[in-house]
Structure formats: structure tokens, C-alpha cells
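As the structure lists them, so they are numbered: ligands from 1, and atoms in each ligand from 1.
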Amino acid sequence: MGVVLFMENFRLDPWGHVLIEEYEKLFKFFGLSPTKNLLERIERIGGKSKLYSRGIVFAHRDLDKFLNTVEHGGKAALVTGFMPSGPFHFGHKMVADQIIYFQNMGVKAFIAMADAEAYAVRKIPRKKLLENAKNYVANLIALGVDPKRAVFYMQTNYEPAYYRLAQMASSKVTTSELKAIYGDIEPGKVIAIFTQVADILHPTLEEFGKYKIVVVPVGPDQDPHIRLTRDIAERLGTDIPGLSKPASTYHKLMRGLDGGEKMSSSRPESYISLNEPIEIATSKLMNAYTGGRPTADEQRRFGGVPDKCMIYELYLYHLLDDDVLREIYDKCRNGRILCGEDKRFAARLLRDFLDEHQRKFNEIINVVEDYIELPKY
Ligand code: TRP
């Protein structure tokens with residue numbers, strides 16, 4: 001019984017703001033597998049990427065199966081979704097990087113703008129959702145997601161077969177199963193769940209290209225949806241032949257700049273948006289948590305703790321290649337660089353990145369409706 005209680009405490013909340021401290025527990029409790037055992041194979045197929053070599057994408061389900069399909073030339077797709085509930089920030093960029101990585105393997109991407117979910121769980125007005133969705137699509141393309149190998153769609157404005165799939169999925173689950181996974185939830189969330197199940201499974205349907213398998217790159221907070229979807233895929237198998245269980249990968253969630261909970265649109269002080277004025281972005285960076293020592297003297301003597309530092313996290317996830325990263329890490333540990341100097345260096349990298357990104361974004365946002373069909377209301 002003790003174990004069951006513990007598992008209860010360890011329920012993942014897909015709509016919460018938790019930071020997951022102990023990623024290892026996820027292996028044990030939810031049966032995720034570490035990606036490091038697959039590293040060589042991933043790199044052989046997709047090339048080197050910091051996502052995997054740095055353990056940013058740290059776990060998976062059935063990624064080996066997915067890679068088999070890719071290697072044997074089978075049709076493979078990626079599915080992901082974004083709640084367009086606030087500005088597009090560096091946490092979102094991590095998903096863009098993964099989409100690009102898989103697209104380079106020849107994988108087609110289906111990218112949902114989860115406006116139905118954001119309406120239900122974040123109470124964002126429709127108009128705002130449509131505007132944000134355009135902004136997200138333009139950011140993704142500006143970052144390098146190839147629109148020719150992607151389908152962008154709104155959850156509220158897609159094909160009939162997708163809604164039929166959501167309806168059929170909902171009839172394969174009992175209330176007590178839902179309760180065991182999510183606790184007590186309102187009907188809006190229940191609909192959001194089955195909509196997401198349809199997001200994940202629809203590329204395997206005839207109507208959408210009959211892909212053999214999909215991979216879903218997500219943060220571990222989304223794993224409840226993945227587990228449920230995998231069960232539903234099996235149960236729907238007799239009604240919809242060819243439906244396959246999705247594979248998934250899990251990335252570490254970037255912490256907020258304050259070093260606290262995960263980077264989240266609902267806490268402006270926690271993120272740097274890819275669209276904010278560069279001065280504001282820079283000043284957020286200059287104020288970010290570093291965990292530095294109280295005095296410069298102590299910093300020189302004892303060194304810093306890069307693993308706690310948000311500037312290091314930005315380097316690690318986004319801004320630096322391996323050689324410079326290593327050098328700064330060592331310098332910081334040995335007290336040979338102080339936080340102020342390091343932040344000024346990071347601010348320059350950030351400025352260069354944002355300059356270039358915003359220039360591309362500004363071109364794409366003007367024609368973004370060529371890439372996503374918005375509902376006409
Ligand atoms: N629920 C996800 C979030 O909170 C968004 C999402 C919607 C999604 N549909 C998806 C993620 C399909 C992965 C796959 O951000």
C-alpha cells in the first residue's frame with residue numbers, strides 16, 4: 001500500500017507548473033527508458049545533436065521501434081502540439097529543435113496549435129488564441145522547421161476524421177481510468193485529453209497518409225497523455241486496423257530564469273520570449289538567477305555552480321557549442337569568471353541570436369496564413 005500511496009504522490013500534472021527534480025524516478029515509476037542507451041544509433045541515423053549528447057532529451061518509449069521504421073524507409077511522422085497561450089519562448093524552442101532534427105531524417109511533422117486546450121484550461125479568449133497561433137507558426141518556421149515537411153493545424157479547425165477519432169477514443173476509456181491518471185478533472189479537460197489523443201494518433205489513419213508510427217517529443221509532464229493514448233491505440237485496433245502505438249521522447253523542462261519552476265508563459269519573469277524587444281530580453285538575462293556566491297572574493301575562491309545557474313542552462317540548451325561550453329563551465333567552477341562578466345558574454349550571444357531570428361520572423365509573419373488555415377470567426 002505504501003508504494004501505491006507514493007505513486008499517488010507522484011502523479012504528473014500536465015497542466016501544472018511543477019519542476020521535476022528527480023528525473024530518475026520517471027524511469028522507475030512510469031517505465032520510461034533512458035535515451036543514452038540509444039545514443040549511438042540516434043546519431044548514426046540523425047547525426048550529432050546536443051539534444052541527445054547533453055541528455056536534454058533524456059528518456060523515451062519505443063524510440064527504438066520508431067528508428068527501425070525510419071531506417072527501413074517506412075513512413076514515420078512526428079506529432080507535437082503547442083498551447084498558444086502566451087509568448088513563444090526558449091522552452092518552446094527546445095521542441096522546435098527536436099522537430100527540425102526529425103525532419104532532417106525525412107520524418108513528416110504534424111504540429112497542432114492546441115487552441116481548444118488553451119481555451120479550456122487557460123481560459124484565453126479566442127481572438128488572442130488565433131493571433132498567438134499565427135505567431136507560433138511563424139516562430140517555428142523562422143527557427144528552421146520546414147513547412148514543406150510539416151502540417152500546421154488548429155485543434156478547432158481540422159478534418160472530420162480527426163474529430164471522429166477523438167470521439168471514438170473517448171468511448172474506450174472508463175471514468176475510473178481517467179481518475180487514476182488525472183485525478184478529478186472538469187469536462188473541459190476531458191475533451192482536451194481526447195483531442196490530444198486524436199492529435200497523436202491521426203497521422204496513422206488512411207485519411208492523413210497512413211504513417212506506420214509516430215513519435216511525440218514532449219516534456220515529462222505530458223506523459224499521462226502518452227500512456228493513455230498508447231492504451232487507446234491498442235483498444236481501438238479492432239475498430240481501426242493499422243492504428244499503431246505512438247513512440248515518445250521526453251526532454252528536461254527548462255527552468256524559469258528565476259531558477260524556480262519551469263519556464264512558463266504564465267509567469268513573464270520566468271521566460272525570455274523570442275519576440276520581445278532585445279533590450280527587455282537582455283535585462284531579463286542580466287537579472288537571471290546564477291546561484292553565484294555572495295561576494296566576488298568568495299566567487300574567486302570557491303568558484304560557481306554552473307548546474308544551478310540559469311545562464312548556464314541557456315548555454316546548455318540553446319546558445320553554445322560543446323567546446324566553448326566546456327571552457328566556460330571550467331572557468332566558472334574554478335572561479336576564473338564572475339557572474340557579471342559571464343552575463344555580459346551571454347547577453348551578446350542572446351542579442352545576436354534574437355536579431356537574426358526576429359528578422360526572419362518578421363518576413364514570415366506577413367505570409368503565415370499560407371501555412372495554417374485559421375477558422376473564419
Ligand atoms: N498538451 C500540450 C501542452 O500542454 C499541447 C499538445 C496538444 C500536444 N496536442 C499535443 C503535445 C499533441 C504533444 C502532442 O502544451
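Using modelled atom types, one side-chain atom of Glu313 and one backbone atom of Arg255 make a donor-acceptor pair closer than 3.5 Å.
Judged by distance alone, the side chains of Ser273 and Tyr271 never bring a donor and an acceptor atom under 3.5 Å apart. Gln196 and Gln222 share a donor-acceptor pair across their side chains, judged by distance under 3.5 Å alone. Side-chain contact check for Tyr317 and Asp97: no donor-acceptor pair (N or O, by modelled atom type) lies under 3.5 Å. Tyr153 and Asp199 share a side-chain donor-acceptor pair at under 3.5 Å.
Residue Phe102 qualifies as enclosed at atom CZ: its count of foreign heavy atoms under 6.0 Å is above 12.
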Check each N or O atom of ligand 1 against all protein N or O atoms and list the pairs under 3.5 Å, with atom names and distances to 0.1 Å, one per line.
from     : atom 1 : to     : atom 2 : distance (Å)
ligand 1 : 1 (N)  : Glu117 : OE1    : 2.8
ligand 1 : 1 (N)  : Glu117 : OE2    : 3.1
ligand 1 : 1 (N)  : Gln196 : OE1    : 2.7
ligand 1 : 1 (N)  : Gln222 : OE1    : 2.9
ligand 1 : 4 (O)  : Gln222 : NE2    : 3.3
ligand 1 : 9 (N)  : Asp199 : OD2    : 2.8

